[in-house]
Colleague: 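Attaching a single structure in structure tokens format; questions to follow.
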Amino acid sequence: MSKFDEEDAFEAASLPLSQRAMGAAMGARATPYLDGLNPAQREAVETLDGPVLMLAGAGTGKTKALTARIAHLLTTGRARPNEVLAVTFTNKAAREMKNRVGALLGEAVEGVPWLGTFHSICVKQLRRHAELVGLKSNFTILDTDDQIRLLKQLIVAEGIDDKRWPARMLAGLIDSWKNRAWTPDALPASEAGAYDNKGGKLYAQYQDRLRTLNACDFGDLLLHMVTIFQKHPDVLEQYQRWFRYILVDEYQDTNVAQYMWLRLLAAAHRNICCVGDDDQSIYGWRGAEVGNILRFEKDFEGAKIVKLEQNYRSTEHILGAASGVIAGNKGRLGKTLFTEAKGGEKVRLIGHWDGEEEARWIGDEIESLQSGTRGLTPIGLNDMAILVRASHQMRSFEDRFLTIGLPYRVIGGPRFYERLEIRDAMAYFRLAVSLDDDLAFERIVNTPKRGLADKSVQIIRAAANGNGVSLIEGAKIAIEANALKGKAKSELPKLIASLERWHGLTRGPLRQVFVSEAEAANDVVERFEYGEPDVNHIQLAEMILDESGYTASYFKPEDPNDPDAAPIPITPEAPGRLDNLKELVKALEQFENLQGFLEHIALVMDNDSEDATEKVSIMTLHAAKGLEFPAVFLPGWEDGLFPSQRSMDESGLKGLEEERRLAYVGITRAEELCTISFAGNRRVYGQWQSALPSRFVDELPERHVEILTPPGLYGHQASTVGDMMDALGGSDLHEAAAKANVYNSPGWRRLQERQSSRGMSQPRESKNMVIDAQAVSSFTVGERVFHQKFGYGEIMAVEGDKLDVSFDKAGDKKVVGKFLVSADSAGDVPF
DNA sequence: GCGTCCAATACTGAG
DNA sequence: TATTGGACGC
């Protein structure tokens with residue numbers, strides 16, 4: 001938003017009431033957005049004054065209610081668009097809400113300018129008041145990577161062994177302190193002692209350092225605003241008058257800092273409407289306090305509580321399964337979701353031998369759903385999603401889908417701006433905008449390589465520190481003092497000259513402009529502004545990437561003697577990096593200048609590219625919150641993976657309950673078809689590990705679940721591996737062995753137990769196909785064996801189920817017996 | 001100062 | 001297994 005819009009907004013807040021009433025009269029329009037709301041939703045929409053807590057279960061139309069509420073505020077003239085503050089957690093949610101408000105209101109009313117994430121709104125505010133916390137309004141926002149580099153410098157300077165005390169750990173601590181709105185001086189003694197007793201000290205140093213760098217991290221955005229509101233009541237009052245109506249999405253995910261920020265803003269008028277679902281609180285690990293939602297009534301006395309309990313999203317079975325799982329949690333606010341939808345498919349459950357098998361099966365399943373075999377209506381790829389617990393699970397799906405040519409998109413993978421080349425390019429842009437951005441300077445001073453490595457940087461840094469100036473000024477001093485040698489001596493002046501030239505091109509010539517009467521009254525005598533620059537920011541960006549030699553550094557000339565020969569990439573990923581840089585430059589088109597762009601990148605830019613082609617979505621359960629799909633796959637339901645071992649170790653029962661909510665979120669994303677799966681074995685760090693099915697599997701109510709049989713074994717009689725291979729019609733031993741052992745995995749046995757206890761039909765002849773456990777796991781020293789991955793080998797030693805095997809090709813390994821097949825029983829199958 | 005090799009480490013998760 | 005960072009050699 002431009003400066004002028006902001007001024008407008010301030011004026012709006014101070015409009016006389018009579019004029020507002022006039023606006024209301026003129027704005028008395030039809031209210032079509034109220035049609036189709038159920039009584040609860042309608043109540044939530046129409047209760048405009050005073051605190052409202054909307055407890056909205058999954059799929060109960062909460063976004064609909066929220067957007068209708070905004071439309072209602074505006075249409076009835078209660079508020080002008082700039083008097084409404086609407087906060088979300090993710091960019092995606094903000095975008096969605098913007099679109100929907102726009103659609104409800106048509107062209108009639110401009111969207112709500114103060115609709116955004118906590119972070120983006122805080123940046124806007126902090127730019128206005130930066131000086132109150134010792135920053136300039138053009139401060140830079142550091143991402144996690146910058147943050148860790150900076151911390152590392154401080155840690156090393158303190159003489160701490162950063163091996164034993166990693167910077168990441170400190171970053172995590174500081175982040176959690178900021179989430180709880182603890183500034184260094186307010187840090188409880190119990191916390192300050194963390195990190196080898198130096199946590200508090202380093203936190204203070206870090207904040208000082210950020211201030212001198214004119215920078216802040218994500219956590220600071222909120223923390224600084226809370227500090228400002230607390231120390232400068234006049235500023236707070238301004239915003240309280242300004243934001244007459246506040247709406248908050250996903251309230252269950254607010255951390256203490258966000259909660260304080262909201263409470264301060266709403267304290268005067270109390271027109272705050274929070275929407276949340278305690279059952280979907282899945283961000284405890286980053287400081288979210290479910291307590292915030294539980295104590296809403298206490299904080300805002302007389303709050304109206306509206307429960308949205310009718311689910312419009314999922315079938316009866318899906319809802320039943322989700323409710324069954326979440327019922328295992330204690331201390332819920334207690335909502336009872338219901339649906340009028342009847343019938344539909346049960347939640348499907350299937351066990352697999354390993355993660356690859358699971359990926360294969362899901363790939364096949366997606367293809368058959370897509371083509372509508374099995375008499376079902378075809379489902380488009382856009383309507384299917386795979387939701388995983390941890391991002392590393394995505395890999396097996398990507399691999400598989402690439403081999404079968406199934407189009408997919410990964411949502412929320414490594415963010416666009418976190419990529420190496422984007423960060424490098426951004427560092428150049430940051431320097432062009434502000435020459436004293438030391439972090440950016442350090443990043444690119446020797447990128448591409450120009451002979452300015454550690455030693456030169458140390459000299460520059462010493463010169464800068466010694467004179468209390470920025471690195472670029474320090475560099476100039478170092479040059480003056482002739483402190484540099486070799487290549488550095490010639491390259492550094494060139495770099496500085498380029499940077500200064502680019503900086504000069506970010507703006508036009510300085511010229512005197514007219515002083516308004518208002519300014520004159522405030523003793524402004526004269527005023528200068530920069531004119532239009534000679535080159536626009538897009539040309540400038542291209543110029544920087546080109547002249548710095550950055551783009552060229554990814555390529556080498558095919559033929560050094562022929563200048564026209566096509567350059568060839570130095571690494572295989574170079575062309576991709578170049579594409580990303582092009583995309584970066586293209587994104588610049590939407591902005592007026594580099595500065596505006598830099599902010600957008602840091603805070604908003606994600607890589608959910610709106611792509612026209614149909615694709616299956618792959619994402620984490622966290623990223624899936626707020627989304628819905630007709631068909632959802634939930635793989636990897638294994639204890640340790642989901643629920644995550646780490647979560648349980650760190651937070652015990654609390655952690656387990658959060659995992660359970662995550663399961664609830666996952667199941668409730670599905671509209672029609674929900675398929676849960678687990679694998680008995682999975683590669684972790686390249687090592688095979690076996691696991692039991694998730695305890696959440698056992699919590700699924702049986703009447704809502706259908707158990708599927710793994711493929712390939714229907715109706716065949718087989719008693720040996722060889723027979724089975726014949727039965728499978730394949731000569732692939734790997735596959736046959738894998739299939740056979742499905743029936744040995746604990747998960748499979750548990751499935752079977754469940755089936756037989758309910759008197760359900762078992763997969764035919766499965767008993768016969770179970771390879772005798774003894775045959776699989778008892779080996780003798782000297783025996784020849786075969787392993788899926790390592791090939792043939794000889795048993796050297798046996799310790800319980802762990803075997804030392806000397807493989808012919810792969811060398812000596814320790815493996816678990818169940819991964820081995822006796823070489824004899826493997827037969828003479830050719831490989 | 002730069003490149004290469006080896007060892008340690010990582011895989012919860014968002015802005 | 002993939003990546004990364006530090007030690008080491010040129």
Side-chain angles (χ1 to χ4, degrees), chain A residues 87-94 116-123 141-145 147-149 152 162-163 166-168 172 175 178-179 216-222 250 253-255 257-258 281-288 355 387-396 399 411-415 417-418 420 446 448-458 484-489 491 570 573 599-606 619-626 636 640-651 655 658-659 661-662 665 682-689 789:
Chain A
V87 209
T88 65
F89 275 83
T90 61
N91 294 311
K92 205 160 48 187
T117 61
F118 275 99
H119 291 89
S120 68
I121 289 171
C122 281
V123 176
I141 302 162
L142 302 190
D143 58 34
T144 322
D145 201 68
Q147 195 185 351
I148 287 174
R149 284 157 170 261
K152 200 158 186 179
D162 68 335
K163 277 259 163 64
R168 293 180 68 99
D175 216 44
K178 288 183 176 177
N179 285 339
C216 59
D217 61 26
F218 285 122
D220 279 338
L221 299 175
L222 271 139
E250 309 281 14
D253 289 334
T254 47
N255 61 35
Q258 289 159 336
S281 162
I282 52 175
Y283 283 108
W285 53 272
R286 64 176 204 215
L387 311 182
V388 298
R389 174 62 183 88
S391 47
H392 67 263
Q393 290 172 260
M394 295 180 179
R395 221 198 130 135
S396 56
D399 284 352
I411 299 198
R415 323 214 125 239
Y417 69 83
E418 279 171 6
L420 179 82
N446 201 30
K449 300 267 183 285
R450 44 171 79 90
L452 289 163
D454 284 358
K455 203 153 186 196
S456 309
V457 173
Q458 268 170 29
L484 294 151
K485 297 196 197 74
K487 215 176 158 197
K489 193 174 174 176
E491 288 295 322
I570 285 171
E573 62 265 27
E599 178 160 318
H600 176 83
I601 283 283
L603 228 54
V604 186
M605 189 130 168
D606 42 34
M619 69 189 91
T620 63
L621 287 162
H622 284 90
K625 195 165 64 140
L641 180 61
F642 187 42
S644 140
Q645 194 57 50
R646 183 164 162 187
S647 186
M648 293 186 293
D649 289 348
E650 282 174 6
S651 318
E658 182 154 317
E659 295 288 307
R661 291 192 290 267
L662 210 42
V665 167
R682 209 174 274 282
R683 295 177 96 119
V684 183
Y685 305 139
Q687 297 284 90
W688 283 100
Q689 285 188 1
K789 175 75 194 165

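Note that this is a predicted model, so its numbers are computed, not measured. The sequence lines fix the lettering, A, B, ..., with proteins before strands; numbering per chain opens at 1.
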Colleague: Grab the CZ-P distance between R682(A) and dT1(C) for me, whole Å please.
Modeller: 17 Å
Colleague: List the residues meeting side chain to side chain donor-acceptor pair (under 3.5 Å) with T117(A), not counting sequence neighbours, and say none if there are none.
Modeller: S120(A)
Colleague: What do you reckon, do F218(A) and the base of dA14(B) stack, with centroid distance below 5.5 Å and planes below 30°?
Modeller: no
Colleague: Starting at atom NZ of K489(A), determine the distance to atom P of dG1(B), rounded to an integer number of angstrom.
Modeller: 15 Å
Colleague: Mapping T144(A) and K163(A) onto DNA chain B by nearest heavy atom, which one lands closer to the 5' end?
Modeller: K163(A)
Colleague: Would you mind classifying the nucleic acid contact of N446(A) as base, sugar-phosphate or nothing, using non-hydrogen atoms under 4.0 angstrom?
Modeller: sugar-phosphate
Colleague: So, is K152(A) near the phosphate of dG6(C), with a side-chain N or O under 4.0 Å from OP1 or OP2?
Modeller: yes
Colleague: Just compare dT12(B), dG1(B), dG15(B) and give me whichever is closest to any side-chain atom of K455(A).
Modeller: dG1(B)
Colleague: Compare the minimum distances between each of dA14(B), dT12(B), dG1(B) and the side chain of T90(A), then state the nucleotide with the smallest one.
Modeller: dA14(B)
Colleague: Tell me which of S647(A) and K449(A) sits closer to the 5' end of DNA chain B, going by the nucleotide each one is nearest to.
Modeller: K449(A)
Colleague: Would one find a side-chain N or O of R646(A) under 4.0 angstrom from OP1 or OP2 of dT12(B)?
Modeller: yes
Colleague: Hey, does K487(A) reach any base, or is it just sugar-phosphate, or nothing, if we go heavy atoms under 4.0 Å?
Modeller: nothing
Colleague: Tell me: CG of D399(A) to P of dT1(C), nearest whole Å?
Modeller: 13 Å
Colleague: Name the nucleic acid region contacted by D175(A), choosing base, sugar-phosphate or nothing; use a 4.0 angstrom heavy-atom cut-off, strictly under.
Modeller: base
Colleague: Would you say whether F118(A) stacks on dG15(B)? The test is a distance between ring centres of less than 5.5 Å and an angle between planes of less than 30°.
Modeller: no
Colleague: Nearest whole Å is fine: how far is dT12(B) C1' from L641(A) CG?
Modeller: 9 Å
Colleague: Answer yes or no: is there a donor N or O on one side and an acceptor on the other, between the side chain of H119(A) and the main chain of L221(A), under 3.5 Å?
Modeller: no
Colleague: Are Q393(A) and L641(A) close enough, and set up right, to give a side chain to side chain contact (heavy atoms under 4.5 Å, CB included), and what steps lead you there?
Modeller: CA-CA 10 Å; Q393(A) 290 172 260; L641(A) 180 61; 3.7 Å; yes
Colleague: How many whole angstroms separate atom CD of Q393(A) from atom P of dG13(B)?
Modeller: 9 Å
Colleague: Measure the distance from CG on L142(A) to C1' on dG15(B) and round it to the nearest whole Å.
Modeller: 13 Å
Colleague: From dG13(B), dA14(B), dC2(B), pick the nucleotide closest to the side chain of R286(A)?
Modeller: dA14(B)
Colleague: Just checking E650(A): base, sugar-phosphate only, or nothing, at a heavy-atom cut-off of under 4.0 Å?
Modeller: base
Colleague: Side-chain N or O of S456(A) versus OP1/OP2 of dG1(B): is the shortest distance under 4.0 Å?
Modeller: yes
Colleague: Distance check, C1' atoms only: dG6(C) and dC11(B), in whole angstrom units.
Modeller: 23 Å
Colleague: OP1 or OP2 of dT1(C) sitting under 4.0 Å from any side-chain N/O of R683(A)?
Modeller: yes
Colleague: What heavy-atom pair brings Q258(A) and L222(A) nearest, and what distance separates the two atoms?
Modeller: CG-CD1, 3.6 Å
Colleague: Report the nucleotide, chosen from dT12(B), dA2(C), dG15(B), that has the shortest atom-to-atom distance to any side-chain atom of S644(A).
Modeller: dT12(B)
Colleague: Provide the distance between the two C1' atoms, one in dA14(B) and one in dT3(C), to the nearest whole Å.
Modeller: 23 Å
Colleague: OP1 or OP2 of dG13(B) versus the side-chain N and O atoms of S391(A): is any pair under 4.0 Å?
Modeller: yes
Colleague: Look at N255(A) and dA14(B) and indicate whether a side-chain polar atom (N or O) is within less than 4.0 Å of OP1 or OP2.
Modeller: no
Colleague: Residues in side chain to side chain donor-acceptor pair (under 3.5 Å) with S391(A), at least two apart?
Modeller: none
Colleague: Using whole Å, what does the distance between atom C1' of nucleotide dG15(B) and atom CG of D220(A) come to?
Modeller: 13 Å
Colleague: Considering non-hydrogen atoms only, spot the tightest contact between G451(A) and S456(A) and give its length.
Modeller: O-OG, 3.8 Å
Colleague: Quick check on dA2(C): is either OP1 or OP2 less than 4.0 Å from any side-chain nitrogen or oxygen of R395(A)?
Modeller: yes
Colleague: Between atom CD1 in I121(A) and atom P in dG15(B), what is the gap in whole Å?
Modeller: 14 Å
Colleague: Would you indicate whether the side-chain heavy atoms of W285(A) and E650(A) approach each other to under 4.5 Å?
Modeller: no
Colleague: Of all the nucleotides listed (dC2(B), dA14(B), dC11(B)), which has the minimum atom distance to the side chain of R168(A)?
Modeller: dC11(B)
